[in-house]
Amino acid sequence: YFASMPGRGLSGSIIVIGDPYGYSSEVVKPIDVLMHEVQHAIQMREGFAPGGSPDILRAEKDQAKADLKYWGSVSALRRQADAYGGDYARARQELEDIFEDEYTDQQVLEAQQAESAEALANRAEAAEQVMREIGNPVSTYNRLAGEIEARNTEARREMTSAERLV
């Protein structure tokens, strides 16, 4: 169905196509948008590489960034508490004074219950790795195999049979 707002994509078995003039500075033909989204439906049905969304990639990267900060802080708290013989109150106060950032009770609990400071650091590193893998969300979106295939489908729409064979 056509929506009156920008955006497009698949929602279950429904192809959603927003106002094609609302999300691009260039003129986009509705038929090209439809072809692109139908290709994604085919990819999903056939189990091929899917497309994506820069907005979803941005949200995943933002979550990884928050996780990196959270687990980095919890790891630092655990290391400081270990240095103080397990005195979490002293470690918490010192780190809050140094970094002018408050630790939540949940962070203190996570630090106490973790196997080690290294295990917490590994969680922070995993979040950083997600950020590195996503990189620039728009660039990553443009490199997704499913998006390349869908854009190729759009590009071939007006080709003749002979042109498609070249």
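All values below come from the heavy atoms of this structure, side chains included, with hydrogens, waters and symmetry mates left out. The structure displayed is predicted, hence computed values, not measured ones.
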* Asked: Under a single-linkage definition using a 4.5 Å side-chain heavy-atom cutoff for Ile, Leu, Val, Met, Phe, Trp and Tyr, are I56 and L144 assigned to the same hydrophobic cluster?
  -> no
* Asked: Going by atom types alone, do Y141 and E147 pair a side-chain donor with an acceptor below 3.5 Å?
  -> yes
* **Within 45° cone and under 6.0 Å: R90 NZ/CZ vs Y84 ring** => yes
* Asked: S73 and Y103: which non-hydrogen atoms are nearest, and at how many Å?
  -> O-CE2, 3.2 Å
* Asked: Does any non-hydrogen side-chain atom of Q107 lie less than 4.5 Å from one of R92?
  -> no
* Quick one: CG on D105 to CD on Q112, what's the gap to the nearest 0.5 Å? -> 9.5 Å
* Asked: Which pair of non-hydrogen atoms, one from P137 and one from L57, has the smallest distance, and what is that distance?
  -> O-CD1, 3.4 Å
* Structure fact -> Taking every heavy atom of A81 against every heavy atom of A91, the minimum-distance pair comes out as N-CB, 3.5 Å
* To do: Among residues two or more places apart or on two chains, list those pairs meeting salt bridge (Lys or Arg N to Asp or Glu O under 4.0 Å) that have a residue in residues 39-53.
  => none
* Asked: Are W71 and E110 side-chain neighbours, meaning at least one heavy-atom pair lies under 4.5 Å?
  -> yes
* Asked: What is the minimum heavy-atom distance between L77 and A111, and which atoms define it?
  -> CD2-CB, 4.0 Å
* Under a 4.0 Å N-O cut-off, is there an ion pair linking D101 with K69? -> yes
* With a 4.5 Å heavy-atom cut-off, do V130 and K65 have their side chains touching? -> no
* Tell me, with the steps shown, if K61 and E133 meet salt bridge (charged side-chain N to carboxylate O under 4.0 Å, His left out). => CA-CA 9 Å; K61 187 173 181 179; E133 287 172 6; over 6 Å; no
* Asked: Got a salt bridge between D67 and R123, using NZ or NE/NH1/NH2 to carboxylate O under 4.0 Å?
  -> no
* Distance only, no hydrogens: is a donor on one side chain within 3.5 Å (strictly under) of an acceptor on the other, for Q43 and H40? -> yes
* Shortest non-hydrogen separation from G72 to A124 and the atoms involved -> N-CB, 3.8 Å
* Asked: To the nearest 0.5 Å, what is the distance between CD (E154) and CG (L34)?
  -> 10.0 Å
* Please determine if R78 and E115 form a salt bridge, counting it only when a charged side-chain N lies under 4.0 Å from a carboxylate O. => no
* Structure fact -> Of all heavy-atom pairs linking A117 and D82, the shortest is CB-OD2, 4.4 Å
* To do: Evaluate the side-chain proximity of I98 to E94: yes if any heavy-atom separation is below 4.5 Å, no if none is.
  => yes
* To do: Go through Q106 and Y70 one step at a time and tell me if the side-chain contact (heavy atoms from CB on, under 4.5 Å) criterion holds.
  => CA-CA 11 Å; Q106 182 63 37; Y70 181 86; 3.5 Å; yes
* Run the numbers on R79 and S75 for side-chain hydrogen bond (donor to acceptor under 3.5 Å, both in side chains), then give the verdict. => CA-CA 6 Å; R79 283 192 311 275; S75 176; 2.7 Å; yes
* Asked: Got a second to check how far T160's OG1 is from E163's CD, nearest 0.5 Å?
  -> 3.5 Å
* Kindly indicate whether the side chain of R151, heavy atoms from C-beta on, has any atom under 4.5 Å from the side chain of I148. => yes
* Asked: Any side-chain heavy-atom pair from H36 and T153 closer than 4.5 angstrom?
  -> no
